[in-house]
Number of protein chains: 2
Amino acid sequence: MTRRGADAASKAPAPRKPAGRPRDARLQEHLGYVMKRVYSQIHSDAMRVLEPLGLRVSTYSALAVIADNPGLRQSQIAEELSIERSNAVLIIDALEEPGWITRNRVPTDRRSYALEATLAGRQVLERATEALKAHEARFFAGVEPAALDQFAETLQQIARSAEEGEENP
Amino acid sequence: MTRRGADAASKAPAPRKPAGRPRDARLQEHLGYVMKRVYSQIHSDAMRVLEPLGLRVSTYSALAVIADNPGLRQSQIAEELSIERSNAVLIIDALEEPGWITRNRVPTDRRSYALEATLAGRQVLERATEALKAHEARFFAGVEPAALDQFAETLQQIARSAEEGEENP
DNA sequence: TATAATTGTTATGACGCATATCAATCATGG
DNA sequence: CCATGATTGATATGCGTCATAACAATTATA
């Protein structure tokens, strides 16, 4: 028994890529769609670059914020990276286990930890940052530097505008 | 027994947001990081907009490609959206179940289905496209139109450049 | 002093991605 | 013509990123 529709459809071979209108033309009109495609590529490339160092995109981000701002609390890391506190716990666990950061009790507030990067953590962070920067240089190599600068500037504006929108709904 | 580091850390209150260097300054230097933040916002907004229509971002994308290109096969949908065939099966299932698309057997190739959107599918697609466009208009409202046009142009260049990189590694 | 809020934790599920494997079917080459 | 390779769709499963819910311990507030 066929599970799907009865034989009824096209008798022609599968439509090939036409010379005219691309198949995702409607989607290409959404800036979000194009951004998603580009970001997906960047993300999977970044995972590949970070994997030999034992890092992922999310743990790299957290390590960067911790290393550059010693003493922050977990809830502040979560806020900075726009993630839930519960997810920050797991990410920080993944940084503590290999000895890249320490959770230090705060005498004045026994609920909290002051987070710090260790020497090993700072070292792996520097290597990861260099590796990611090299990847980005390759990834964006096909784009005019002036156009890329303008792109980055507008992206920052969009990001700021979006954050303001979040705070004043 | 404390599970984490012994009491040893900061005696000061949790560091507040400084007036100077932002805490994610290192991350802000990565275009990918800023794109991820913007895209995450767009994605969660889009999910919220699509949810009342019974759609998700991924099913909306597939429905758009199917509706605009009747007769495509599942593997072509997967290729067009840069997703795995196995994941395309689940997405197409989610469109077939509410009656938005049909899987039609192909007499000349009994392995394949020719996919088509139904009237209901085309109708929900139009509503979804309108809702998403309205959201995007609001989301990008704080950015100069000329700057946004330039941004979109460069984003397309980046996307093309990245795809060429995939095909010629 | 009671209550509200905060911090961190654990559990869990949704979603989007990936790989592996398989059966049925079609294409290809000898 | 037949064996083999390739394709199509399906199922199972795991990983990573997201979310919510609930809770205990602790601090802040009224």
Side-chain angles (χ1 to χ4, degrees), chain A residues 1-5 7 9 13-14 32-33 36-37 39-48 50-51 54-62 72-79 81-94 96 103-115, chain B residues 2-5 7 9 13-14 32-33 36-37 39-48 50-51 54-62 72-79 81-94 96 101 103-115:
Chain A
M1 172 195 83
T2 60
R3 175 169 160 237
R4 301 292 164 41
D7 295 352
Y33 172 77
K36 175 245 160 105
R37 292 190 71 109
Y39 177 67
S40 288
Q41 189 61 59
I42 292 174
H43 182 264
S44 63
D45 288 357
M47 291 290 263
R48 227 179 333 269
L50 293 172
E51 194 271 333
L55 285 164
R56 315 191 308 267
V57 170
S58 62
T59 52
Y60 169 78
S61 297
L72 284 191
R73 287 16 176 193
Q74 292 184 188
S75 55
Q76 290 176 299
I77 304 299
E79 183 179 21
L81 297 176
S82 298
I83 63 178
E84 299 289 340
R85 297 191 320 271
S86 51
N87 297 324
V89 172
L90 301 178
I91 290 171
I92 291 165
D93 282 350
E96 186 186 42
R103 277 170 157 119
N104 309 296
R105 282 292 179 184
V106 177
T108 51
D109 185 345
R110 291 187 299 175
R111 295 170 301 181
S112 296
Y113 297 108
L115 303 168
Chain B
T2 61
R3 173 171 162 235
R4 303 287 160 47
D7 296 353
Y33 173 77
K36 175 241 162 109
R37 293 191 70 110
Y39 178 66
S40 288
Q41 190 60 60
I42 291 174
H43 182 262
S44 63
D45 289 356
M47 290 291 265
R48 229 182 328 271
L50 293 172
E51 194 272 333
L55 285 163
R56 312 191 312 265
V57 169
S58 60
T59 50
Y60 169 78
S61 297
L72 285 191
R73 291 5 178 200
Q74 292 184 188
S75 55
Q76 290 176 300
I77 303 299
E79 182 179 22
L81 296 177
S82 299
I83 64 178
E84 299 291 339
R85 297 191 321 271
S86 50
N87 297 324
V89 171
L90 301 178
I91 290 172
I92 291 165
D93 282 350
E96 186 186 41
I101 63 135
R103 276 168 157 121
N104 308 297
R105 282 290 180 186
V106 177
T108 52
D109 186 343
R110 291 189 299 174
R111 295 170 300 181
S112 295
Y113 297 106
L115 303 169

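Labels below follow one simple rule: chain letters A, B, ... track the order of the sequence lines, proteins then strands, and each chain is numbered from 1.
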Checklist entry - Do you know the tightest heavy-atom contact between B:A46 and B:V57? => result CB-CG2, 3.8 Å
Checklist entry - Who passes side-chain contact (heavy atoms from CB on, under 4.5 Å) against A:S44, sequence neighbours left out? => result A:Q41, A:R48
Next on the checklist: Please enumerate all residues that pass side-chain hydrogen bond (donor to acceptor under 3.5 Å, both in side chains) together with B:S58, with sequence neighbours excluded.
Outcome noted: B:R56
Item to check | Atom-pair distance (CG on B:D45; P on D:dC18), nearest Å | outcome: 15 Å
Checklist entry - Rounded to the Å, how far apart are B:N104 CG and D:dG9 P? => result 12 Å
Item to check | For A:Y33, all residues meeting side-chain hydrogen bond (donor to acceptor under 3.5 Å, both in side chains), sequence neighbours excluded | outcome: A:D24, A:R37
Next on the checklist: Any heavy-atom pair between the side chains of A:R103 and A:D93 that's under 4.5 Å?
Outcome noted: yes
Checklist outcome for this item: On DNA chain D, more 5' by nearest nucleotide between A:R85 and B:D109 is B:D109
Nucleotides 2-6 of chain C: which of its N/O atoms have a protein N/O under 3.5 Å away?
| residue | atom | partner | partner atom | Å |
| --- | --- | --- | --- | --- |
| C:dT6 | O2 | A:R111 | NH1 | 2.8 |

Item to check | Nearest atoms (heavy-atom pairs only) where B:L50 meets B:Y60 | outcome: CD1-CB, 3.9 Å
Checklist entry - Please give, in whole Å, the distance from D:dT8 P to B:L72 CG? => result 12 Å
Collect all protein-nucleotide pairs involving nucleotides 16-19 of chain C in which both atoms are nitrogen or oxygen and the distance is under 3.5 Å.
| residue | atom | partner | partner atom | Å |
| --- | --- | --- | --- | --- |
| C:dG16 | OP1 | B:S58 | OG | 3.3 |
| C:dG16 | OP2 | B:R56 | NE | 2.8 |
| C:dG16 | OP2 | B:R56 | NH2 | 2.7 |
| C:dG16 | OP2 | B:S58 | OG | 3.0 |
| C:dC17 | OP1 | A:K36 | NZ | 2.9 |
| C:dC17 | OP2 | A:K36 | NZ | 3.3 |
| C:dA18 | N7 | B:N87 | ND2 | 2.9 |
| C:dA18 | N6 | B:N87 | OD1 | 3.0 |
| C:dT19 | OP2 | B:E84 | OE2 | 3.2 |
| C:dT19 | O4 | B:S86 | OG | 2.9 |

Checklist entry - In whole angstroms, how far is the C1' atom of D:dA12 from the CG atom of B:D93? => result 14 Å
Item to check | Atom-pair distance (CD on B:E79; P on D:dG9), nearest Å | outcome: 12 Å
Checklist entry - Shortest non-hydrogen contact from A:I77 to A:A62? => result CG2-CB, 4.4 Å
Checklist outcome for this item: On a heavy-atom basis, the closest approach of A:A94 and A:T59 is CB-CG2, 3.9 Å
Item to check | side-chain contact (heavy atoms from CB on, under 4.5 Å) partners of A:S112, counting only residues at least two apart | outcome: A:R73, A:V106, A:D109
Checklist outcome for this item: B:R73 CZ to C:dT25 C1', in whole Å, measures 14 Å
Next on the checklist: I need the CD1-P distance between B:I101 and D:dG9, as an integer number of Å.
Outcome noted: 11 Å
Checklist entry - B:Y113 has an atom OH; how far is it from atom P of D:dT8, in whole Å? => result 14 Å
